[in-house]
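A quick write-up on the structure given underneath.
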Amino acid sequence: MSKIMLTREQVADLLGTSISYLASKKMRYKLTFYKDQDNGRVLYDKDVVDAFIVAKMVKKSKIKRRLDA
């Protein structure tokens with residue numbers, strides 16, 4: 001089974017960010033990527049992106065619960 005890979009544009013759309021923010025140093029440390037040696041394209045593993053989104057949602061819900069208490 002092959003992994004589903006996403007482009008920078010697809011990941012930026014999923015996260016609701018710009019492509020330049022996704023390419024920033026801050027995001028490089030949070031979300032791992034792969035660089036295609038043949039054409040230099042940056043690709044992201046869909047499973048990793050999905051896990052990042054879930055973790056981000058959990059963190060926001062914990063913060064919201066603390067503020068509501």
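- A chain of hydrophobic side-chain contacts below 4.5 Å, direct or via other Ile, Leu, Val, Met, Phe, Trp or Tyr residues, connects Val11 to Met57.
- Between the CE atom of Met27 and the CG atom of Leu15 there is a distance of 5.5 Å, given to the nearest 0.5 Å.
- With sequence neighbours excluded, no residue forms a side-chain contact (heavy atoms from CB on, under 4.5 Å) with Lys35.
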Show me the donor-acceptor pairs, under 3.5 Å and distance only, between side chains in residues 37-46 and residues at least two apart or in other chains.
residue, atom, partner, partner atom, Å
Asn39, OD1, Arg41, N, 3.0
Asp45, OD1, Asp47, N, 3.1
Asp45, OD2, Lys3, NZ, 3.3
Lys46, NZ, Asp50, OD2, 2.9

Might you work through the side chain to side chain contact (heavy atoms under 4.5 Å, CB included) test for Leu31 and Leu22, ending with a clear yes or no? CA-CA 9 Å; Leu31 194 58; Leu22 192 59; 4.1 Å; yes
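- In the hydrophobic clustering of this structure, Tyr21 groups with Val48; members are Ile, Leu, Val, Met, Phe, Trp, Tyr whose side-chain heavy atoms approach within less than 4.5 Å, directly or through other members.
- Between the Arg8 side chain and the Ala23 main chain, no donor and acceptor come within less than 3.5 Å of each other.
- Atom-to-atom distance recorded for Leu6:CG and Phe33:CZ is 14.5 Å, nearest 0.5 angstrom.
- Thr7 pairs by the side chain to side chain donor-acceptor pair (under 3.5 Å) definition with Glu9, Gln10, not counting sequence neighbours.
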